[in-house]
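Notes to accompany the following structure.
Reckoned from all heavy atoms, side chains included, excluding hydrogens, waters and symmetry mates. One-based numbering along the sequence shown. Both ligands and their constituent atoms are indexed starting at 1 by order of listing.
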Amino acid sequence: MQQKIIILDFGSQTTQLIGRRVRELDTFCEILPYNKFPVDDPSVIGVILSGSPFSVHDPEAFQVDLSQFVGRVPVLGICYGAQYIAHHGGGRVEKTDSREYGRAHLINIKGDDRLLRGIDNDAQVWMSHGDSITAIPADCHVIASTADVHFAAYASDTAPLWAVQFHPEVMHSLCGMQLLRNFVIDICGSRQQWSAASFVETTVESLKQQLGQDRVILGLSGGVDSSVCAVLLNRAIGDRLTCIFVDHGMLRKDEFSKVMEAYQGLGLNVVGVDASEKFFSDLAGVTEPEQKRKIIGRDFVEVFNAEAAKITDARWLAQGTIYPDRIESLNITGKVIKSHHNVGGLPKDMHLQLCEPLQWLFKDEVRRVGRQLGMPERLIKRHPFPGPGLAVRILGDITRERVRVLQEADDIYIEAMLNYVCPDGEVLYDKVWQAGAILLADVRSVGVMGDERTYEHPVALRAVTSTDAMTADWAHLPYDFMARVSNDIINKVKGVNRVCYDISSKPPATIEWE
Ligand code: XMP
């Protein structure tokens, strides 16, 4: 039986991060809403309670029945989790005037405590809380403090129960990984059997069982998730997997042919569909961003379904859905929102069943699985790219000529990024989460080229750093890099005479301009 840690989500922004850290310890975990603990699941080896935007004193604060797991399996409460355990165990949590936020250092560490083994006094942790624990339950004892927080960490005398006021999952808690390792491996007894290699082996086996001799259809986008999904399925059922790759005409320069080549090199059975004519004609004259997206979404489903319908004996539709797409996230009123991207839409009259082999993986795990499958590094490290492609990077209506101009500028930018090695030896492209060029197609400005006056369009460059696309900061690209790219674009791309750099963060801006 596969061991698992359950992470109960009380709405903290770092809950997913706890999950990723546990996975880094080669241990499977599930993130569930605070009130959905699987009481009868014998594979649960431990429970972690997350932080929360609430105070335990808020009337709408999320409540959980601790007796479902305390005393049965090891429990670790983090931040709100620690306060909740104190509050409901006879301790005291008090509202404080100032939020404690930032770095702190552990002192008075109780050396023989199993959770803190290997962590020394002065270890840095990250605090982010409003309330303070001012008394812990009678059957608990303090195991570490900081200069400002006496009950920074405590443990129970009677049950395998620990609680920490700080956030071990965030990078700034320098001893956080050691603490989580102590909990997951030493205390919960994880056998560390969750790895890319074991995932590939067990998934290929179970896909063979699940699919038998059936035929499967998969929509490829050129992105990491659908590509890894395809290679995995190909391992399991070979040519009985048919992949469909739709070219809407707004991909990057030469992307369709390059990606088709890469897929064929991987031995995939791919049908490439050039549907650009349809997309361009349906988009003619459309400038409003949401309308563009709607048209592209609708056309995509139409083209995909028409192609899929030709594979008359298909029984399954595979999708590269990953775990963050499926986690039931909590909104502030405690309602569960299920976010599930059903890209392309199911061809309903074909009665296909859904197959989602990556549904338990975080993005970094998808990449590890891709490497395990021997996929080329460039495909694995590809930046995310929006489904509607360059259509949402042309501000104004879309024509073939405008797409061509943007493709040229974008290509110069991205190629330069792939070829720029930073002083630390890392390639600039790999430091950036996502980069692209935007054509301000309805704006013109004056310039000079040779002896001629020009009156042409600006291109904006965008590059962001991020870990999850939920928030993003503009990337601090080297000046010499920007200078060269700007020069090259203006000299080589006819129709562009000015290059700007976008320095907006998300939020308040978004990554894409439309
Ligand atoms: P924003 O612009 O909202 O983008 O900050 C967040 C991430 O999502 C990508 N994106 C899309 N991906 N279809 C997609 O498949 C879309 O319509 C779409 N719009 C934005 C964007 O590129 C970024 O990675």
Side-chain angles (χ1 to χ4, degrees), residues 13 16 218-230 244-252 255-256 259 275 279 282-283 286-304 319-327 329 337 339-345 356 358 362-364 366-367 380-395 398 403 406-407 410 413-414 417 429-440 460-475 502-514:
Q13 291 192 350
Q16 281 202 28
L218 169 79
L220 282 174
S221 68
V224 182
D225 302 342
S226 65
S227 304
V228 171
C229 186
I244 299 172
F245 183 24
V246 176
D247 182 6
H248 52 33
M250 280 150 279
L251 296 171
R252 290 194 148 122
E255 187 169 28
F256 187 64
V259 171
F279 283 85
D282 289 353
L283 282 168
V286 178
T287 54
E288 208 280 313
E290 281 313 303
Q291 215 186 333
K292 282 184 190 171
R293 282 172 182 274
K294 277 204 187 96
I295 293 169
I296 295 170
R298 184 203 64 202
D299 281 5
F300 183 86
V301 171
E302 260 180 58
V303 173
F304 183 85
Q319 286 190 163
T321 312
I322 67 171
Y323 195 39
D325 302 334
R326 296 172 52 245
I327 295 175
S329 53
I337 314 164
S339 60
H340 192 131
H341 302 295
N342 230 345
V343 211
E356 299 179 307
L358 307 182
F362 288 103
K363 190 94 184 176
D364 39 349
V366 175
R367 294 206 164 98
I380 291 170
K381 284 192 174 165
R382 273 173 83 106
H383 289 168
F385 186 66
L390 300 181
V392 291
R393 292 183 182 170
I394 293 172
L395 274 54
I398 296 154
V403 170
L406 183 56
Q407 279 177 336
D410 179 80
Y413 182 37
I414 299 299
M417 204 171 253
Y429 183 90
D430 297 337
K431 282 191 187 295
V432 165
W433 168 265
Q434 194 170 352
I438 297 102
L439 179 65
L440 310 188
L461 303 182
R462 181 95 165 118
V464 297
T465 54
S466 176
T467 50
D468 53 9
M470 299 289 283
T471 60
D473 203 0
W474 59 277
D502 180 356
I503 54 166
S504 332
S505 296
K506 172 186 174 174
T510 49
I511 295 175
E512 303 298 337
W513 279 38
E514 286 198 336

**Q.** Closest heavy-atom pair and its distance - L220, S226
**A.**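 Taking L220 first and S226 second, the nearest heavy atoms are CD2-O, 3.5 Å.
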[X]: numbered ligand 1 atoms lying under 4.0 Å from its heavy atoms:
| X | value |
| --- | --- |
| R293 | 16 (C), 17 (O), 18 (C), 19 (N), 20 (C) |
| K506 | 1 (P), 3 (O), 5 (O), 6 (C) |
| G387 | 12 (N), 13 (N), 14 (C), 15 (O), 16 (C) |

Any N/O pair [X]/ligand 1 closer than 3.5 Å:
| X | answer |
| --- | --- |
| W433 | no |
| E512 | yes |
| I511 | yes |

Could I get the full list of ring-ring contact (aromatic ring centres under 6.0 Å, His included) partners for F245, not counting sequence neighbours?
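Listed in chain order: F256.
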Open item on the list: List the residues meeting side-chain contact (heavy atoms from CB on, under 4.5 Å) with P384, not counting sequence neighbours, and say none if there are none.
Closed with: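 Scan of P384 (side-chain contact (heavy atoms from CB on, under 4.5 Å), adjacent residues dropped) gives W433, Q434.
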- Message: To the nearest 0.5 Å, what is the distance between CZ on R367 and CG on D225?
- Response: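 So the gap between those two atoms works out to 8.0 Å.
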(Q) Please tell me whether D473 and T465 have a donor and an acceptor in their side chains that are separated by less than 3.5 angstrom. (A)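 No.
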